Amino acid sequence: MRYLILLSTFYKNALLGELEYRANFVVNVLMSGFWLFWSVFGLQIYFNHTNAMGGWSYDEALVVVGLFFIGHGYMDAFLQPNISLIGDHIRLGTLDFILTKPVNSQFLASMRTISFWRLGDILLGFGIVALALARLHVSVTWSDALIFGLMLVAAAIMLYGIWMLLVTSAFWFVRVDNITELFSAFYEAARFPVSVYRGFMQILLTFIVPIAFITTFPAAALINKLEPQYALMAVALALALFVLSAAFWKFALRFYTSASS
């Protein structure tokens, strides 16, 4: 409860700060609409030459595109504004002010603000998912919705864990912009069903860089294409990444020299 109260205070302050620049909302909505249009347009180009992509129809693949935008919005709204600053805190020594607070340092460093305008990407993503399901005439049952919700939570935790693992390496490398950009490049592959890829690339995007668990498998849960074992694997992988990121953070703090030393 204490941490929920802190989050509500952080996010209230973030909203007040962003309301000072309301034109950002219009700009972000226009940019989000532009990129969403190009994603759907690019998918349409592929399906102009085929009826299926990796065993997925156009409308089924459209669900994946919607989840891609949900994940992208989540990263831009919750992860990027916080985690990308950790390297600066380490380099400038301002991490001291975080470590001296009577709360968990990883929580404070990675969740203290939010970019409210980027939540529009999440809403657009859910809109695309709803449109695709309507075109497919899919009736989502309570069990389907429950599994989908579980997969979404697991995907959010996975993204958080991956970002924290990458950015925590800043304790040694200081600037990790190229590493996070590399993950962003991998994430671009999530706009298509993972079955589109073949051989080692499919294994890479499923188990090594678990992009499939972020878009493809949650989409499969909605359209009754998900094999049950993948839901269990998603929960296990999310917990493993979260625990690993927390352990790595604690280990890395031992190498922090602070501003004074």
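Since the structure is predicted, the reported quantities are computational estimates derived from the model, not experimental observations. Only heavy atoms go into these numbers, but all of them, side chains included; no hydrogens, no water, no symmetry mates.
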Candidate pair Leu62 and Ser57, rule side chain to side chain contact (heavy atoms under 4.5 Å, CB included), full reasoning: CA-CA 8 Å; Leu62 199 58; Ser57 68; over 6 Å; no
What is the ring orientation for Tyr58 with Phe47, classed by angle as parallel under 30°, tilted 30 to 60°, or perpendicular over 60°? perpendicular
Shortest non-hydrogen contact from Ser105 toward Leu253: OG-CD1, 3.7 Å
How about OH on Tyr3, more than 12 heavy atoms from neighbouring residues, nucleotides or ligands closer than 6.0 Å, or not? yes
Would you call the rings of Phe68 and Tyr187 parallel, tilted or perpendicular, taking 30° and 60° as the class edges? parallel
Should we count NZ of Lys101 as having more than 12 external heavy atoms under 6.0 Å? yes
Least distance between heavy atoms, Met53 atom then Pro193 atom: SD-CD, 4.2 Å
Tell me, which pairs form a ring pair (Phe, Tyr, Trp, His ring centres under 6.0 Å) where one or both residues lie in residues 128-153, sequence neighbours left out? none
Go through Phe69 and Phe126 one step at a time and tell me if the ring-ring contact (aromatic ring centres under 6.0 Å, His included) criterion holds. CA-CA 8 Å; Phe69 262 81; Phe126 275 113; over 10 Å; no
Looking only at non-hydrogen atoms, find the nearest pair between Gly87 and Ala170 and report the distance. CA-CB, 4.0 Å
Apply the test side chain to side chain contact (heavy atoms under 4.5 Å, CB included) to residues Val103 and Arg2: give CA-CA distance (whole Å), side-chain angles for both, the deciding distance (0.1 Å), then the verdict. CA-CA 10 Å; Val103 292; Arg2 178 191 179 200; 3.5 Å; yes
Check: Tyr160 ring centroid to Trp249 ring centroid under 6.0 Å: no
N/O donor-acceptor pairs under 3.5 Å from side chains in residues 205-224, not counting sequence neighbours:
residue : atom : partner : partner atom : Å
Thr206  : OG1  : Gln202  : O            : 2.7
Thr215  : OG1  : Ala190  : O            : 2.9
Thr216  : OG1  : Val194  : N            : 3.0

Partner of Ile83 by side chain to side chain contact (heavy atoms under 4.5 Å, CB included), out of Met111, Met75, Met164: Met164
Report the residue from Trp172, Phe242, Phe255 that forms a ring-ring contact (aromatic ring centres under 6.0 Å, His included) with Phe248. Trp172
